[in-house]
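The structure appears right after this line, and notes come after that.
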Amino acid sequence: MKMTRRRWLQTTSLIALASMIPSSLHAALAIVDKPLLRDFEKPMFDIPSQISVPVIIESIELLQRDNQYFVRTRSKDGAEGLVGTKQVSDYISIFTNLVAPCFIGCDARDIETLIDDVYRANYKLAGIPFWSPVAFIELSLLDLLGKIAGKSVAQMCGGVVRKQIPVYLSGSGRNTTAEEEVDAYVRNVEQTNAKAVKFKIGGRMSRNMDAYPGRTETLVRLARKELGDKIILMADANGSYDTEHAIEVGHLLEELNYAFFEEPCPWENLSETQAVAKSLSIPIAFGEQNSSLWQFQWMLQNNVMRIAQPDINYNGGFIRAKRVARMAEAFGKTIQPHNTQTGVTSVNILQFAACTPNAQPYMEYPCHEVRQAPGWYSPDFKIMNGMIDLPKGAGMGIQIDPSYIKEAKVVAKIDKAKG
């Protein structure tokens, strides 16, 4: 190839640029070139070996009663899975037109590959609005499969390692004073005997602004004073800070012996969060908005966080959360899924914690106010001595009153395959 002046200038510019890259970045890039886990789709649970005959998916329904939505899946043999959902009203067209048809006519026992097939069919839409509908259908199918196998989802997907799930209380807001928030959790700790609490700090994607001046420092110091050293405290910034401010707040949390610092910087800015993690000794928890397995691997591999926090719904369901757990374990890290649900829609995180050895000791469970559980499902997931018992039934372990579901309207019914 003839070396023209233009080509010579291009080549020398690239050489000069390469010489400016620090050795630490060279090392990081070298690591990324050799990921430890290339095959994200490798099945983990071999469900076909646990159920001897095919379970052909005949229909998927989206049901609504009041402000509660459900997904009901049925097999050709009449087996049924039924679960509550989170925020599905925002994603109905994606659920109905793009996701559900991909499952019709398939063998539900192949659920570990079906969730990858639906991704490949719609990969340009990947993100929370896509993966949430996948999660709702997957969870309903796991409920169906567990009932056929006579096993809980935890038994079917790895085996039960804990029957009682310790929880940390969350659900804190920023529309109250620091004093009001601390008072609320002092009461809730007394009522539930919880051993851990998470507070919201900063101003939520607020470019370093506090909810009001001085609230964060007042809150984190007062929480430690009022709740004492025996209660595990955590703080969630919801992307409030740039690197400099996050490090400053992180040092305050270290001084007060907080257990982790969640999402210090805007969730898409991985380099800033990575820099914060490198500068602090307090573990960084991160990942509730992320729904890419490749991105989770990169973040775990490059020490963006020490605690992976996929949302079981936003990240595409139970199986994909277990894949993140497998990655985290490979890198010597732990997992603690993000959760904003209580009651019937929170059972997924209990089943997950029950069968995931490298899960953090405490799972997130909103409890800003202790409320009376509705009477149309059981168990009611009451927090006793800081823990919630794993449901004992097959599948997801939820029993929903048939008379309650009978009054639900059918928002959508899908019984034809895509194509």
Side-chain angles (χ1 to χ4, degrees), residues 40-41 57-65 67-75 80-108 110-145 153 287-293 295-296 310-324 337-341 344-349 351-352 395-396 398 400 405 408-419:
F40 302 125
E41 300 174 1
I57 304 165
E58 183 172 61
S59 66
I60 299 171
E61 293 173 289
L62 181 62
L63 310 175
Q64 180 186 8
R65 177 162 178 181
N67 61 349
Q68 178 69 56
Y69 287 83
F70 304 87
V71 172
R72 181 165 61 195
T73 53
R74 286 192 171 122
S75 73
E80 182 178 296
L82 181 65
V83 296
T85 73
K86 170 186 179 179
Q87 294 173 260
V88 72
S89 59
D90 296 330
Y91 314 131
I92 289 175
S93 63
I94 295 175
F95 178 101
T96 302
N97 300 325
L98 300 176
V99 175
C102 292
F103 291 89
I104 300 299
C106 298
D107 187 345
D110 297 327
I111 187 64
E112 292 192 77
T113 57
L114 293 180
I115 59 172
D116 301 315
D117 293 342
V118 70
Y119 166 64
R120 281 188 284 273
N122 298 280
Y123 71 94
K124 292 185 179 182
L125 294 174
I128 289 174
F130 167 76
W131 281 117
S132 292
V134 175
F136 305 145
I137 293 170
E138 180 235 49
L139 293 167
S140 184
L141 290 172
L142 288 174
D143 185 54
L144 181 154
L145 290 166
V153 170
E288 72 177 72
Q289 271 98 218
N290 299 85
S291 57
S292 162
L293 296 184
Q295 194 172 75
F296 268 110
D311 184 293
I312 293 177
N313 296 290
Y314 296 160
N315 187 51
F318 189 93
I319 289 165
R320 283 172 58 89
K322 290 288 285 186
R323 290 176 180 179
V324 176
H338 170 257
N339 175 48
T340 61
Q341 303 301 289
V344 70
T345 55
S346 69
V347 67
N348 55 10
I349 200 166
Q351 294 286 348
F352 179 88
M396 283 291 171
I398 289 282
I400 299 175
I405 291 296
K409 70 175 182 178
V410 178
V411 177
K413 181 175 180 178
I414 302 91
D415 55 13
K416 293 182 179 179
K418 185 178 181 179

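Because only heavy atoms are used, hydrogens play no part in the values below, and waters and symmetry mates are left out as well, while side chains stay in. Because the structure is predicted, anything quoted here is derived from the model rather than measured.
- Annotation: side chain of Asn67 is not in contact with side chain of Ser89 (no heavy-atom distance under 4.5 Å).
- Counting only distance, with no hydrogens or angles, the side chain of Thr113 and the backbone of Asp110 share a donor-acceptor pair below 3.5 Å.
- No side-chain heavy atom of Thr73 sits under 4.5 Å from any side-chain heavy atom of Phe103.
- Closest of all the heavy-atom pairs between Val134 and Val99 is CG2-CG1, 3.8 Å.
- Taking each heavy atom of Phe296 and Gly287 in turn, the nearest pair found is CZ-O, 3.4 Å.
- Side-chain contact between Arg320 and Leu293 is present, with heavy atoms from C-beta onward closer than 4.5 Å.
- Between Tyr119 and Trp131, the ring planes are parallel. Angles under 30° get that label, and only those over 60° would be called perpendicular.
- The CD atom of Gln351 sits 10.0 Å away from the CG atom of Leu139 when rounded to the nearest 0.5 Å.
- The distance from the CZ atom of Arg65 to the CD1 atom of Ile400 is 12.0 Å, given to the nearest 0.5 Å.
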Practice problem: Please step through side chain to side chain contact (heavy atoms under 4.5 Å, CB included) for the pair Gln68 and Val344, ending with a clear verdict. | Solution: CA-CA 10 Å; Gln68 178 69 56; Val344 70; 4.1 Å; yes
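- A heavy-atom distance below 4.5 Å is found between the side chains of Ile111 and Glu138.
- With a 4.5 Å cut-off on side-chain heavy atoms, Leu63 and Val411 do not count as touching.
- Checking side-chain atoms of Ser132 against main-chain N and O of Ile128 turns up a donor-acceptor pair under 3.5 Å.
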Quiz prompt | salt bridge (charged side-chain N to carboxylate O under 4.0 Å, His left out) between Glu41 and Arg120, intermediate numbers included | solution = CA-CA 12 Å; Glu41 300 174 1; Arg120 281 188 284 273; 2.8 Å; yes
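- By the 4.5 Å heavy-atom criterion applied to side chains, Val88 and Leu62 are counted as neighbours.
- Within the 4.5 Å cutoff, side-chain heavy atoms of Phe318 are placed close to those of Leu142.
- Atom CG of Asn313 is separated from atom CG of Asn348 by 5.5 Å, given to the nearest 0.5 angstrom.
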Practice problem: Determine, stepwise, if the pair Arg323 / Asp116 fulfils salt bridge (charged side-chain N to carboxylate O under 4.0 Å, His left out). | Solution: CA-CA 12 Å; Arg323 290 176 180 179; Asp116 301 315; 2.9 Å; yes
Practice problem: Go through Asp415 and Glu58 one step at a time and tell me if the side chain to side chain contact (heavy atoms under 4.5 Å, CB included) criterion holds. | Solution: CA-CA 6 Å; Asp415 55 13; Glu58 183 172 61; 5.6 Å; no
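- With values rounded to the nearest 0.5 angstrom, Ile137 atom CD1 is found 14.5 Å from Arg72 atom CZ.
- Here the closest non-hydrogen pair linking Ala135 and Gly317 is CB-N, 3.3 Å.
- Side-chain atoms of Asp143 come within 3.5 Å of backbone atoms of Leu82 as a donor-acceptor pair (strictly under, hydrogens ignored).
- Between Thr340 and Lys86, the side chains place a donor N or O and an acceptor N or O closer than 3.5 Å (distance only, hydrogens not considered).
- With a 4.5 Å cut-off on side-chain heavy atoms, Tyr314 and Gln87 count as touching.
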Exercise. I would like to know whether Thr345 and Val83 meet side chain to side chain contact (heavy atoms under 4.5 Å, CB included); could you show each step before the answer?
Key: CA-CA 7 Å; Thr345 55; Val83 296; over 6 Å; no
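- A distance-only check finds no donor-acceptor pair linking the side chain of Asn290 to the backbone of Ser292 [under 3.5 Å].
- A distance of 8.5 Å separates CD1 in Ile414 from CG in Asn97, rounded to the nearest 0.5 Å.
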Practice problem: For side chain to side chain contact (heavy atoms under 4.5 Å, CB included), just list the numbers for Ile57 and Leu144, CA-CA rounded to whole Å, side-chain angles, deciding distance to a tenth of an Å, and then say yes or no. | Solution: CA-CA 10 Å; Ile57 304 165; Leu144 181 154; over 6 Å; no
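- Rounded to the nearest 0.5 Å, atoms CG (Asn122) and CG (Asp117) are 11.0 Å apart.
- Using modelled atom types, no side-chain atom of Asn315 and backbone atom of Asp311 make a donor-acceptor pair closer than 3.5 Å.
- In terms of heavy-atom proximity, Gly81 sits nearest to Ser140 at O-OG, 3.0 Å.
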Quiz item: Yes or no on salt bridge (charged side-chain N to carboxylate O under 4.0 Å, His left out) for Arg74 and Glu61, after CA distance, side-chain angles and deciding distance?
Solution: CA-CA 9 Å; Arg74 286 192 171 122; Glu61 293 173 289; 3.2 Å; yes
